[in-house]
2 protein chains.
Amino acid sequence: MPSTYRMNPCAAAAVGSHACTQCDIRKDSMCSALNEEELQQVESLVTHINLPPGDILFDEGDHRGFAYNVSSGVMRLCKLLPDGRRQVTGFLYPGDHLGLSAHDSYSYGAEAVTDVHLCRFRVNELEGLFEELPNLALRLFSMANDELAAAQEQILLLGRKNPREKVISFLLSLSARNVDRDLPPSPLDLPMRRTDIADFLGLTVETVSRTFSRLKEDGIIELPSADRVILKDHELLEELADES
Amino acid sequence: MPSTYRMNPCAAAAVGSHACTQCDIRKDSMCSALNEEELQQVESLVTHINLPPGDILFDEGDHRGFAYNVSSGVMRLCKLLPDGRRQVTGFLYPGDHLGLSAHDSYSYGAEAVTDVHLCRFRVNELEGLFEELPNLALRLFSMANDELAAAQEQILLLGRKNPREKVISFLLSLSARNVDRDLPPSPLDLPMRRTDIADFLGLTVETVSRTFSRLKEDGIIELPSADRVILKDHELLEELADES
DNA sequence: CGAACGTTTGACGGGAATCAAGATAGGTGG
DNA sequence: CCACCTATCTTGATTCCCGTCAAACGTTCG
């Protein structure tokens, strides 16, 4: 099969990284709750999915057959109103989980922002492990509680912050994520489009763009390119996130 | 002790209802996951709390020493910005749980809207039961997932709905709660103040009040008193909740 | 009855959405 | 390699909705 010779090195590397024992985001994921033996059990249930940017993993309302761990890349979760208005309820990064809930259909759509690699489980198989691996269930419970706290923070942002505070809070949350992953707090990558940011913050694209420009004018951030931000004064930003 | 003769019937009834086996909201709470024997185990950890309207159960940032089940009454969860802006992140009804999270301090404040009765647990004691009573942990996990879905729905509301749609969605969620508790979908009780509703929906009191008045003018609702709403056309309201 | 609080209504202004156009970047094919 | 095309981002002008400020009304409780 000559075609295999044409497989590019990146794809080959991606295949290599599928071994759970060598997963470099294991500590950030639900799998951190598992020992080597338990990890094998989980691995036996998993299949792997790759998505190019813009691809839809599932739509709101689809039958909830699978749950996923984000292994690499960034995803967005979206909810839509009948007339087309969109709300991005969150961005998912490596280690994040999606698909577990109490209902039999997804309550949001999931789409790839970048190239994405996902570990896929059948919902019933994953849930079937809870009895045998209580630590897995407790880990997912803990992750759900973290998500809930983040959602409440987002509710505060959407309900009570002005556009400038919203954008700054968003940048700071990305910065905090960098630090969690042992990266410097700045510069930041913005893999998502301005529209995604707007739909995440409850604003329009124009307002997001204007707010970025204004922050740049004020010397609080630098924008070497549209998808890269340098925070000039982290402490000042922390203050401005709550009252500007 | 003559004073006991003066105990009013309601208070006596309340005391009587503290027995977990006779708890009438057990099916709505985390305790639905327990059999009679397990219920006793949980009951041995519980103490009971009563709060009058307006009382603070705990503030955002307080040490997370206790978790609670709402047994009767309504509570509100609040987050504050340094300059005093307030966001009500949710209202809690009988059966709802509060206080479990991954962090050692509360991420929101909790206050009584009405007279409230709560079952109180020490966090470490409750969490200590998870190993022995996996069904309890799974039940709380499921409840957390429901809360998460509700939070995402609220994020959609706050980010993308206009005041009219927000108020209608709020009324419909109360109506749905009525139905869950085997009550008719209308009339609705509004035990909370207009300010609470405003801070829940990301509006001002004036806008909430005006929106109610407008819905009344339009004949879509009736307001026999400020804390009581009759829904005149449920189907129409369902439509208007998403696009008005 | 009167004070305090909560709700409603009115007048007005500011800020974000809308509408419109220009600038920039990324990708394609000649 | 460059010209072109398209998608995205940015900037500008205008509109209008909701927040702000102010006052009246209603209700509860001492």
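Rounded to whole Å, atom C1' of C/dG6 lies 14 Å from atom CZ of B/Phe212. Rounded to a whole Å, the CG atom of A/Leu203 is 14 Å from the C1' atom of C/dT18. Atoms CE (B/Met192) and C1' (C/dT7) sit 16 Å apart, rounded to a whole Å. In this structure, CZ of B/Arg194 is placed 9 Å from C1' of C/dT8, rounded to the nearest angstrom. Put simply, CD on A/Glu206 is 14 Å from C1' on C/dG15, counting in whole angstrom units.
For C/dT8, its base never sits under 3.5 Å from the side chain of B/Arg193 at any donor and acceptor pair. Applying the 3.5 Å distance criterion, the base of C/dG10 shares a donor-acceptor pair with the side chain of B/Arg210.
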**Report entry** Test log, rule side-chain contact (heavy atoms from CB on, under 4.5 Å), inputs B/Leu174 and B/Val229
**Finding:** CA-CA 10 Å; B/Leu174 291 182; B/Val229 181; over 6 Å; no

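Take B/Lys232 and apply the salt bridge (Lys or Arg N to Asp or Glu O under 4.0 Å) test, not counting sequence neighbours, and it matches B/Glu222.
Here chain A contacts DNA chain D (any atom closer than 4.0 Å to a heavy atom, that is under 4.0 Å), and the contacts span D/dT8 to D/dA13 from 5' to 3'.
Counting any heavy atom pair closer than 4.0 Å across all strands shown, A/Gly202 reaches sugar-phosphate atoms only and no base atom. At a threshold of 4.0 angstrom between heavy atoms, the contacts of A/Ser213 are confined to the sugar-phosphate backbone, with no base atom among them.
In this structure, A/Arg181 forms no cation-pi arrangement with A/Tyr93, as its terminal cationic atom is not both closer than 6.0 Å to the ring centre and no more than 45° off the ring axis.
Taking the side chain as every heavy atom from C-beta outward, B/Arg228 and B/Leu188 never approach each other to under 4.5 Å.
Nearest-nucleotide assignment on DNA chain D puts the 5′-proximal partner with A/Val208, out of A/Arg160 and A/Val208.
Salt-bridge check for B/Asp196 with B/Arg86: passed, with a basic side-chain N closer than 4.0 Å to an acidic carboxylate O. Salt-bridge check for B/Lys161 with B/Asp242: passed, with a basic side-chain N closer than 4.0 Å to an acidic carboxylate O.
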